[in-house]
Number of protein chains: 2
Amino acid sequence: MVTTGTGSGVTSGRRRPRRPRGSLNPEAIVAAALRVTDAEGIGALTFEALGRELGAHPTAIYRHFRDKDELLRALTDRLNEEAQLDGLPTTDDWRADLRRIAAAIHRAFLAHPAIGQLVPARTAAREHEFVTVEYIVSCMRRAGLPDAEAAACYRVFADFVLSYAGMDAALAALAPQTREAELLTWDVDYRRLPTDRFPHAAALSVHFPRLDDPANFALAVDLMIEAVAARAAARAG
Amino acid sequence: MVTTGTGSGVTSGRRRPRRPRGSLNPEAIVAAALRVTDAEGIGALTFEALGRELGAHPTAIYRHFRDKDELLRALTDRLNEEAQLDGLPTTDDWRADLRRIAAAIHRAFLAHPAIGQLVPARTAAREHEFVTVEYIVSCMRRAGLPDAEAAACYRVFADFVLSYAGMDAALAALAPQTREAELLTWDVDYRRLPTDRFPHAAALSVHFPRLDDPANFALAVDLMIEAVAARAAARAG
DNA sequence: ACCTGAACACCGTTCAAGT
DNA sequence: ACCTGAACACCGTTCAAGT
C-alpha cells in the first residue's frame, strides 16, 4: 500500500510542510523504497516517487545516500537481513540446515521480487551477508569436507542459491500479464514443437514443470546437497 | 572496436548522407548493438550511440524493433545462437554432453557479459532456445531417468546454468575498477572476520576461491551432473 | 546542519514532414 | 516505403539559496 505523505486533501500546488530535523534516516528511506517497489516494481522507484512516499523533498534523499546505486545496495542488504529474520537455528543435520537457509533466501527474494532480482548482480559485502556465509560454511564443514573443498562448495552453493533465487524473483517481478504470457509460451509453443527436429523435447513437453513452480528450486537445492554429501562420503570412505 | 558510420573526417555539424534503402535490418542492428555493449557496457546502449555506430538516424531503429525491450530480447537470443555456433555434437556420454553445453553457454555469456547478465530475467522462447532445450532433454533421457523426472531435471539444470552463468556475466560486466574493488573485498574484509562471531568463515576464508574463478561454475555443473547420475542409478537399481 | 527549488543533461518515444 | 528532424515526457544529479 502506497500512502501519500500528509494524507490531507490539499490542492496539488500547495507546499508540503517542512519535515522535522532528523526525521529522515536510511532505515526509513529503505522501508519506503521497499513499499514502492513491492507495490509498483523497480521501474516505479524514482526519487520523485520515493519523496512522495516519505512526504519529503525528492532530493532530500541525497543527504543519506550518495546516489541511486547506493540506495539499491542498501535494499539488497535489507533482503539478506529479512532472510535471517525468522532465525536460523543450527541443528545436528547439516543437510536440513542447508535446505533451511536456501528456503529462507528464496522466500525473502519472492516476497520482494523487484529487489530480489537485483541481488545476483551485486555482491555487496555487508553485515547481513557475513551471517549467511558463516552459516553455510559451518554446514560444509559438518558435512565432513576437508577445508579447501568445504570452501569451494560453500562458494558454489551460496552463489547457486543467490542466482537461482534471483532468477525466480525476476520472473515474479514481471507485470502479471507479461508473466502469464511467458508461462503460456511454455504451455503452448513447446507442446507444438515439430517431432522430427525436436524429438526428445516434444516427447517430454507435457511433463515440463511450470517455470514458476516452487518445486524447481527445491529440487535444485536437493540435488546440490546430495552431490555434496556424496563427495563428503568419498573423502571419508 | 567501435567504428563511426562513414569514417570520413567531417565536422560534427555536417549532415550524414542518407542510407540506401533496405541497408538497415535487424541482423545489422543486433550486430552493432553487440559491438557497442561489448566495448562500453549496457549503459552505453542508447539509440543515439546505436545510430552513430550504424551511421543511421537514431530513430531509424524503430522501423525494425518496436522498442528497446524488443531489441534486448533479440540480443539475448543472439547469445543463445552464439553458444551453439561451435556445434554441439551428441556423443554416447550424456555427462560430457551436459558439461559441453553448460560450458558453451558460460563461454558465450562471458564473451558478451553486458548482454549475458540480462538473460536469466528474460525467458524468451525463440528459435535458438529450442535447440538448447532439445539437447539437454536428450541428455536427461539418456541418463536413464523416467519421463517426468527427466523433464524436472531438464528444467532445473537449464535454469541453473542460465542463472549461474548470468551472475558470472554480471560480475564480468562491472567496470574494471568496480570489479577489482568487489574482489578485493573478499580478499581483505573476509580474512578479517572476528573469530568469535564467525568462527567457521574465519577459519576457511584463506581457502575461499575468487569470485571470478571459472572453476566455480565448473564445480557447480559437476555437482549437478553427479546428483542426476545418482538419481538415475537409484531408479535403475 | 539540513532541506528546498530550480536548473541541467540525458534518454526513450512519438509523429509530422520529407524523399 | 522508408528515413529524418524536432519535440515531449521523464529522470538522476547538482547546487545555490533558504531555515
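Predicted, not measured: the structure shown is a model, and the values here were computed from it. Per chain, numbering begins at 1; letters A, B, ... match sequence-line order.
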Any A:Y62 side-chain nitrogen or oxygen under 4.0 Å from OP1 or OP2 of D:dT13: yes
Rounded to the nearest angstrom, tell me the gap between atom NE2 in B:H57 and atom P in D:dA7. 12 Å
Comparing A:G43 and A:R66 on DNA chain D - which has the more 5′ nearest nucleotide: A:G43
Here the distance between atom P of D:dA7 and atom CD of B:E48, to the nearest Å, is 16 Å
Toward the 5' end of DNA chain C, by each residue's nearest nucleotide, B:K68 or A:T59: A:T59
CD1 of A:I61 versus P of D:dT13: gap in Å, rounded? 11 Å
How many whole angstroms separate atom CZ of A:F65 from atom P of D:dT14? 16 Å
Got a minute to check which stems DNA chain D is part of, using Watson-Crick or G-U wobble pairs under 3.5 Å, three or more consecutive? C:4-8 with D:12-16, C:12-16 with D:4-8
Which of these nucleotides, D:dC3, C:dT4, C:dG12, is closest to any side-chain atom of B:L24? D:dC3
The side chain to side chain donor-acceptor pair (under 3.5 Å) partner of B:H112 among B:D38, B:T76, B:T37 is B:D38
What is the separation between atom CZ on A:F47 and atom C1' on C:dA6, rounded to the nearest whole Å? 17 Å
Please check if any side-chain donor atom of B:H106 sits under 3.5 Å from a side-chain acceptor atom of B:D168, or the reverse. yes
Taken to the nearest 0.5 Å, the spacing of A:C153 SG from B:L204 CG works out to 11.0 Å
Check step by step if side-chain hydrogen bond (donor to acceptor under 3.5 Å, both in side chains) holds for A:Y154 and A:E134. CA-CA 10 Å; A:Y154 143 70; A:E134 173 68 11; over 6 Å; no
Please determine, by modelled atom types, if A:E129 and B:Y190 share a side-chain donor-acceptor pair under 3.5 angstrom. yes
Relative to each other, are the rings of B:F198 and A:F130 parallel, tilted or perpendicular (30° and 60° limits)? perpendicular
Protein-nucleotide distance (B:R63, atom CZ; C:dT14, atom P), rounded to Å: 12 Å
Would you mind reading off the distance between B:D69 atom CG and C:dT13 atom C1', rounded to a whole angstrom? 14 Å
Please classify the nucleic acid contact of B:L45 as base, sugar-phosphate, or nothing, using heavy-atom distances under 4.0 Å. sugar-phosphate
Send over the distance from B:E70 CD to C:dG12 P, rounded to a whole Å. 15 Å
So, A:H128 versus A:E82: side-chain donor-acceptor pair below 3.5 Å or not? no
